[in-house]
K.L.:
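The structure is given below, and queries will be raised subsequently.
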Amino acid sequence: MLKQTILAIILMLSTEVTFAAVTLLNSSFLGSKEFEITHALAIADNGDVIVALRTNSPNYSIPAGAYLNTYQGNFDALIVRLDANLTQLRAATYFGGNGDDTIQALTIAPNGDIIVAGITRSSDFPVTDGAYSRHKGKADSFIARFDANLTKLHSASLLGGNNEDYIRAIAVAENGDIVVAGWTGSVDFPTTEGAYMKQYQGSSYGDGFIARLDANLTQLRAASFLGGSNGDFINTLAIDNNGEVVVAGKTWSVNFPTTENAYLGKSDDNAEAFIARLDPNFSQLVAASFLGGGKNPDNTDSTDEIKTLIIGPNSEIIVAGSTKSLNFPTTEAAYLTKSPDRTNGFVAKFNSQLSQLEAATLLQVEVINSLGLAASGEIVVAGKTISAHFPNTEGGQAQGGFEGFVTSFDNKLSELHSSIFVGGKEYDEVTHLAITSANQVFAIGWTNSPEFVTTKGAYLEQFQGGNYGDAFVASFEGIVEKAIINTNISPLEFVGIKPSYAIGEKMNIDLKVKFFPNSICERADLWLALRLPNGPIFYRDNSGVNIFNLLPVAFQTDIKNKIETNYHILKDIPVIPELAGEYTFYAFFNLEGKGIDNWMDTLCSEIVRVKISLVL
């Protein structure tokens with residue numbers, strides 16, 4: 001009873017949040033005596049941290065049993081796996097051949113396999129038997145699939161034509177297919193029958209491309225160019241709940257294809273950001289828009305580029321990057337609508353069809369490299385800055401040169417919640433971030449600062465990089481607040497409910513589940529609770545309509561991906577005098593199987609609350 005009473009007290013508190021100071025939880029260097037730079041980050045289901053790096057070190061500490069523990073020469077790709085506390089190197093492997101090899105993107109398959117993609121210039125790159133392609137051009141894209149412990153290369157394939165091909169982004173589709181996107185200079189890049197754009201468009205400047213391969217990398221299921229008559233770069237991609245693929249980047253093509261009703265269908269600029277949505281087979285351009293401010297009035301560089309994107313729980317598209325445009329479009333309630341700096345970061349949110357700019361703000365930094373969405377709805381970004389106007393909410397000072405940063409906004413991009421420097425006295429940059437279901441923020445990047453702060457017991461406490469710099473990984477608490485935050489973007493809504501009921505009326509109350517935020521928790525339980533006038537909390541179970549009891553149990557368990565349905569909470573309940581008083585209903589998503597003992601660490605949505613009064 002005490003636990004329920006405490007929960008009730010917490011749930012009755014105001015949803016106005018005072019943010020605590022950001023805390024550095026754990027921090028470690030990742031490098032060696034040579035040079036390493038980070039290129040990708042993912043968090044495994046058990047909390048392990050997986051990082052892809054580029055290295056020219058022949059003596060990186062590779063655990064026994066790794067797929068490849070020997071440096072191959074030039075620059076090699078490197079994958080490392082650490083525990084969540086950043087104290088132990090659980091697994092690591094080199095990857096590549098006799099030339100330069102770089103992993104540009106990384107993701108984790110549902111079974112825990114680690115899938116990477118990038119570019120290789122190695123003539124002996126390790127392609128596996130049965131792979132879709134062994135073709136070698138000037139520089140080929142590659143995709144490779146490892147087991148979770150990095151001991152076995154399950155499959156690896158090249159992808160490209162006779163010129164240079166660069167994969168920049170990767171994702172796993174619901175059916176297990178692997179979707180990649182990037183840039184190609186190859187006129188003969190392979191496209192498939194029925195593709196939206198089968199022919200190369202980009203002259204000598206290159207085109208964007210999107211490709212889908214089966215899970216074993218043996219078959220090219222779909223592939224299309226995407227671009228105009230000039231250069232087009234795809235930097236990032238995400239897959240929506242309906243399987244459609246959203247990509248974004250930068251184009252120099254004024255004839256880049258856009259769709260009717262696009263937010264910005266035409267551009268006279270020579271370097272504009274773009275966003276595009278395609279059907280799962282890349283046969284149709286569902287929606288596409290430019291994003292930028294057009295040419296600067298003084299004819300200075302006005303380049304706009306999207307570096308990263310995510311899809312929100314309501315299919316909204318959130319993008320971030322950098323702009324040199326003096327007229328970059330922001331929205332009225334934005335945190336920052338104008339900036340005295342010539343170069344700024346930006347964050348923008350569109351509706352699913354790219355016809356409406358719902359929110360957009362500037363941030364006084366050089367570039368935003370990475371973007372995340374927290375369970376509370378907060379939008380978190382990271383990158384590098386040298387701006388004297390950077391809004392550091394922790395009261396610290398930049399220590400020198402470029403600094404890494406992590407910043408969080410409310411979901412409407414109107415309020416800055418927290419903003420911190422990440423670095424030391426030399427060059428520092430955050431390249432990627434990830435947010436856990438417990439609202440911890442992990443950041444990786446590169447630093448040339450020997451005094452970069454690490455935590456006691458870290459895997460590598462001391463700077464390793466000499467004059468060449470070092471990779472790092474760090475985790476923070478407080479960037480995203482562990483609190484109930486009203487984001488006005490709730491996946492849950494009580495319907496059919498009235499503020500008050502008179503004696504003799506009947507109550508019929510439903511819970512409408514509009515969407516499930518699977519970008520926050522892949523699987524979750526749905527909880528329903530009812531606080532009685534005298535204080536006790538009762539929980540709705542799934543044994544039948546109108547069934548509540550004191551035992552804390554979830555209403556619906558193991559909910560995955562997008563759902564949309566109505567649940568009957570109360571049906572035809574007559575209001576009698578004995579029931580008079582004020583009642584409060586609560587609904588929320590919680591991480592699958594976690595109960596409510598540590599509910600503030602495991603929430604997957606805001607807590608929806610509604611009160612009713614039964615009056616005599």
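These numbers come from the heavy atoms of this one structure, side chains and all, not from hydrogens, waters or symmetry mates. Position 1 is the first residue of the sequence, and the numbers go up from there.
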K.L.:
Side chains of L82 and D48, heavy atoms from C-beta outward: is any pair under 4.5 Å?
P.N.:
no
K.L.:
Mind running side chain to side chain contact (heavy atoms under 4.5 Å, CB included) on L354 and I317 for me, showing each step along the way?
P.N.:
CA-CA 8 Å; L354 299 173; I317 299 168; 3.6 Å; yes
K.L.:
Does D279 have any salt bridge (Lys or Arg N to Asp or Glu O under 4.0 Å) partners at least two apart in sequence or in another chain, and if so, which?
P.N.:
none
K.L.:
CZ of F585 to CZ of F548: how many Å apart, nearest 0.5 Å?
P.N.:
5.5 Å
K.L.:
Using atom types as modelled and distance alone, determine if a side-chain donor or acceptor of D240 lies under 3.5 Å from a backbone N or O of G243.
P.N.:
no
K.L.:
Using every non-hydrogen atom in the two residues, find where L86 and S28 come nearest and quote the distance to one decimal.
P.N.:
O-CB, 3.9 Å
K.L.:
Output the distance between atom CD1 (I108) and atom CG (D45), rounded to the nearest 0.5 Å.
P.N.:
7.0 Å
K.L.:
Does the ring centre of F350 sit less than 6.0 Å away from the ring centre of Y263?
P.N.:
yes
K.L.:
Would you say the side chain of I306 lies within less than 4.5 Å of the side chain of T236, judging by non-hydrogen atoms?
P.N.:
yes
K.L.:
Can you find a heavy atom in the side chain of L363 that is under 4.5 Å from one in the side chain of P391?
P.N.:
yes
K.L.:
If the condition is salt bridge (Lys or Arg N to Asp or Glu O under 4.0 Å), which residues does D177 pass it with, not counting sequence neighbours?
P.N.:
R212, R221
K.L.:
Could you walk me through whether L511 and N566 satisfy the side chain to side chain contact (heavy atoms under 4.5 Å, CB included) test, starting with their C-alpha distance in whole Å, then the side-chain angles of each, then the deciding distance to 0.1 Å, before giving a yes or no?
P.N.:
CA-CA 6 Å; L511 179 71; N566 275 23; over 6 Å; no
K.L.:
Would you please test L30 and F472 for side chain to side chain contact (heavy atoms under 4.5 Å, CB included) and show each step?
P.N.:
CA-CA 5 Å; L30 281 178; F472 69 81; 5.9 Å; no
K.L.:
Just to verify, which of L433, N439, L25, I420 counts as forming a side chain to side chain contact (heavy atoms under 4.5 Å, CB included) with F476?
P.N.:
I420
K.L.:
How close do E316 and K349 get, heavy atom to heavy atom, and via which atoms?
P.N.:
CG-CD, 3.8 Å
K.L.:
Any non-hydrogen side-chain atom of Y583 less than 4.5 Å from a side-chain atom of S613?
P.N.:
no
K.L.:
Can you see which heavy atom on A92 is nearest to which on I62, and at what distance?
P.N.:
O-CG2, 3.3 Å
K.L.:
Please identify each residue that fulfils side chain to side chain contact (heavy atoms under 4.5 Å, CB included) with A84, with sequence neighbours left out.
P.N.:
none
K.L.:
Using a distance-only test with no angle check, is there a side-chain donor-acceptor pair under 3.5 angstrom linking T38 and T431?
P.N.:
yes
K.L.:
Using a 4.5 Å cut-off on heavy atoms from C-beta on, say whether the side chain of V319 contacts that of I275.
P.N.:
yes
K.L.:
As an exercise, state the distance from NE2 of H417 to CD1 of I379, rounded to the nearest 0.5 Å.
P.N.:
10.5 Å
K.L.:
If I compare all heavy atoms of L237 with all of V179, which pair ends up nearest, and what's the gap?
P.N.:
CD2-O, 3.9 Å
K.L.:
H432 side chain to H39 main-chain N or O, any donor-acceptor pair under 3.5 Å?
P.N.:
yes
K.L.:
Search all heavy atoms of F442 against all heavy atoms of S475 and return the closest pair with its distance.
P.N.:
CE2-CB, 3.5 Å
K.L.:
Look at the side chain of N590 and the backbone N and O of G595, then say whether any donor-acceptor pair between them is shorter than 3.5 Å.
P.N.:
yes
K.L.:
Report yes if some heavy atom in the side chain of T87 is under 4.5 Å from a heavy atom in the side chain of Y459; otherwise report no.
P.N.:
no
K.L.:
Would you check if there is a donor-acceptor pair between the side chains of T407 and S419 at a distance under 3.5 Å?
P.N.:
yes
K.L.:
At what distance, to the nearest 0.5 angstrom, does CG of L413 lie from CD of E415?
P.N.:
11.0 Å
K.L.:
Taking all non-hydrogen atoms of both residues into account, name the closest pair between I50 and L106 and its distance.
P.N.:
CG2-CD1, 3.8 Å
K.L.:
List the residues meeting salt bridge (Lys or Arg N to Asp or Glu O under 4.0 Å) with D113, not counting sequence neighbours, and say none if there are none.
P.N.:
R145
K.L.:
Taking the side chain as C-beta and beyond, is there a heavy-atom pair between V172 and P110 under 4.5 Å?
P.N.:
yes
K.L.:
Does Y501 reach the side chain of I612, with side-chain heavy atoms less than 4.5 Å apart?
P.N.:
yes
K.L.:
Between the main-chain N or O of V347 and the side-chain N or O of T361, is there a donor-acceptor pair closer than 3.5 Å?
P.N.:
no
K.L.:
Nearest 0.5 angstrom please: I444 CD1 to L53 CG, how far?
P.N.:
7.0 Å
K.L.:
Can you list everything that forms a side chain to side chain donor-acceptor pair (under 3.5 Å) with S414? Sequence neighbours excluded, please.
P.N.:
D410
K.L.:
Looking only at side chains, do S370 and T308 share a donor and an acceptor under 3.5 Å apart?
P.N.:
no
K.L.:
Say you draw a straight line from CD1 of I311 to CG of L373; how long is it, rounded to the nearest 0.5 Å?
P.N.:
11.5 Å
K.L.:
Kindly say whether A438 contributes a backbone atom to a donor-acceptor pair with the side chain of T436 at under 3.5 angstrom?
P.N.:
yes
K.L.:
What's the verdict on side chain to side chain contact (heavy atoms under 4.5 Å, CB included) for F146 and V116, showing C-alpha distance, side-chain angles and the deciding distance?
P.N.:
CA-CA 8 Å; F146 291 88; V116 297; 4.1 Å; yes
K.L.:
Ignoring hydrogens and angles, tell me if any N or O in the side chain of T455 forms a donor-acceptor pair with the backbone of S27 under 3.5 Å.
P.N.:
yes
K.L.:
Would you call K412-E358 a salt bridge at under 4.0 Å N-O?
P.N.:
no
K.L.:
Donor-acceptor pair, D525 side chain versus G593 backbone, under 3.5 Å?
P.N.:
yes
K.L.:
Restricting to salt bridge (Lys or Arg N to Asp or Glu O under 4.0 Å), what partner residues turn up for E244, sequence neighbours left out?
P.N.:
R277
K.L.:
Can you confirm whether more than 12 heavy atoms, excluding those of K498, are under 6.0 Å from its NZ atom?
P.N.:
yes
K.L.:
Determine whether a donor-acceptor pair (N or O, by modelled atom type, separation under 3.5 Å) exists between the side chain of R81 and the backbone of A148.
P.N.:
yes
